[in-house]
Number of protein chains: 2
Amino acid sequence: MATASRQEILQAVLELFRECGYEGTSMAMISERTKLGKASLYHHFPGGKEQMRDELVKLLGDWFRPRLEQLKDDATPPRGRVKVFISELDSFFEGGQRGCLFAALAVGPAENGCRIELKDLMNLWISALAELAEKSGVPANDAQTRAEDCVAQLEGALLVSRIVGDKSIFKRALRQAPDMLFGSSRQLES
Amino acid sequence: MATASRQEILQAVLELFRECGYEGTSMAMISERTKLGKASLYHHFPGGKEQMRDELVKLLGDWFRPRLEQLKDDATPPRGRVKVFISELDSFFEGGQRGCLFAALAVGPAENGCRIELKDLMNLWISALAELAEKSGVPANDAQTRAEDCVAQLEGALLVSRIVGDKSIFKRALRQAPDMLFGSSRQLES
DNA sequence: GTCTATATAATGATAGAC
DNA sequence: GTCTATCATTATATAGAC
C-alpha cells in the first residue's frame, strides 16, 4: 500500500507541470508518479487537477512574497540583497533546464483561473526589483523598465536554456541580473 | 457547406497553439475555429494534430531561415540589417501579447517529436545574430553570448508581456535588441 | 472535399470495500 | 487513507454517404 503526504504529491505535480504543462499532465501521470491511485489523489484534492494547480500557484506566491519582502530590508546594501535573492532563484529554478511554473501556466485558454494570480505575482516581483533599483539611485522610470527587462531576461533565458539544452544561458542571466538593475552602463530609452 | 484551404486551417491552428498550447488545443476546437468537420480536417491532415504541429514547425523554419540568411548579406550595414529583421519580428509576433510557437511547443513530454527542430532553429537564430555581431567588431566569445542573451530577452519579454498584459515590454525588447548585440556599453563576463 | 455517424481510447471523476 | 472498479465525458480517429 503506497502512501504520500499532500506536500509530496504537490511536489510531484509541480515537476510534471513544469515539464509537461497543465494540459499535458493527466491524473494518470500524477497517479503513476506518486504511486497513488487516482481515488487517493481525489481524496487529498477533491477539486482534482485544478485544485492542485491553484495550490501550487499559492505555494509559488508563498515562496516569492517573503523573499521579495526581504529585498526591501534596508539593513544590508542593495547589491548584497539582490545577490542573495539571485542565488535563491538559482536553486528555485534548479539551475535552469527544468522549466518555469509561470511559463507552464501561461499557456492555455484564458479562462485559466490562475492567470490573475500569476499576473499579480509577477508584477510584485517586478516592482520589488524596481523599488530596489530606485533606492540605489536609479531614476524611477528607468528603475521600472530595468526590473521588467531583468525578469524578462531571466524567464527568457530559462526558456532558451531549455530549448537549446544549455543551462549556461540561464546561469549567465542570473549573474548579469545585478548589472541589469544597477549598472551605470545601461542604454537609456531614447 | 464550409470550405477552407490547407493554409487557412494551419493559420487557425497556429493561433490556437499560440494561445492554448499543443495539448490545450483539441481537434474539436480546431473544427469550431475553421468551421470544418473533424473528418475534413483529417482529410487534409491524415496525421491529425501531430502533423499540423510538424507542418507549423516547418513553416516557422520557412519564415526564419531566409530572414536569417538576409542578415548575412553584406550589402547593407549590420545595424540596418538588424533593424529590418527586428521590425519583421515585430509583425511576426504581432507586437507581443499573443504568445510564441517556440514557447508553446517547449512544454510537453520530451518525446515531443518537434523538439529537435525547435532546438536547431533557435540555434540557427542565435548563430545568425552572433555572426552579425562578430562582423561588427564584437569579439567572437562575446558575440555568441550577446546573441543568446538577445534571443532570451525577446522570448522572455514576450512571456512577461503576455502574463502582465503589457506589450510595451516586448516593444522595448525589440528596440533594445541592436544595442544588446552591438552596444559598447555592455558588461563583459568576469 | 465536406458531411453525419460512429468506433475506440483516454480523460476527469466517483462509489464503495477495506 | 488507499484501493479496485466503474462512470460519464471528451479525445483522437475512421467509415461511408453525398
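In what follows, chains carry the letters A, B, and so on, assigned in the order in which the sequence lines appear, proteins first and then strands, with residues in each chain numbered from 1.
Using a distance-only test at 3.5 Å, with no hydrogens or angles considered, no donor-acceptor pair links the side chain of Ser136(B) to the main chain of Phe182(B). At least one donor-acceptor pair closer than 3.5 Å links the side chain of Lys49(B) to the backbone N or O of Thr25(B).
Straight-line distance from the CD atom of Gln51(A) to the C1' atom of dT14(C): 15 Å, rounded to whole Å. A straight line from CZ of Phe45(A) to C1' of dT2(D) spans 15 Å, rounded to a whole angstrom.
Side chain to side chain, Gln11(B) and Gln7(B) fail the donor-acceptor criterion of an N or O pair below 3.5 Å.
For the atom pair OG of Ser127(B) and CD of Gln144(B), the computed distance is 7.5 Å after rounding to the nearest 0.5 Å.
Classification of the Phe85(A)-Trp63(A) ring pair by plane angle, with boundaries at 30° and 60°, yields tilted. Taking the six-membered ring where tryptophan is involved, the planes of Trp125(A) and Phe64(A) are tilted, since the angle between them lies from 30° to 60°.
Looking at Phe170(B) and Val160(B), their side chains never come closer than 4.5 Å, going by heavy atoms from C-beta outward.
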Where each pair must be Watson-Crick or G-U wobble with both distances under 3.5 Å, what dot-bracket representation of DNA chain D is obtained, with crossing pairs in [ ] and other-strand partners as |? ||||||||||.|||||||
B/S/- contact track for nucleotides 5-11 of chain C, protein heavy atom under 4.0 Å: ------S
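Put simply, His44(A) has a side-chain N or O that comes within less than 4.0 Å of OP1 or OP2 on dT2(D). Between Tyr42(B) and the phosphate of dT14(D), there is no side-chain N or O to OP1/OP2 separation shorter than 4.0 Å.
Partners of Glu55(B) by salt bridge (Lys or Arg N to Asp or Glu O under 4.0 Å), not counting sequence neighbours, listed by chain and number: Arg6(B).
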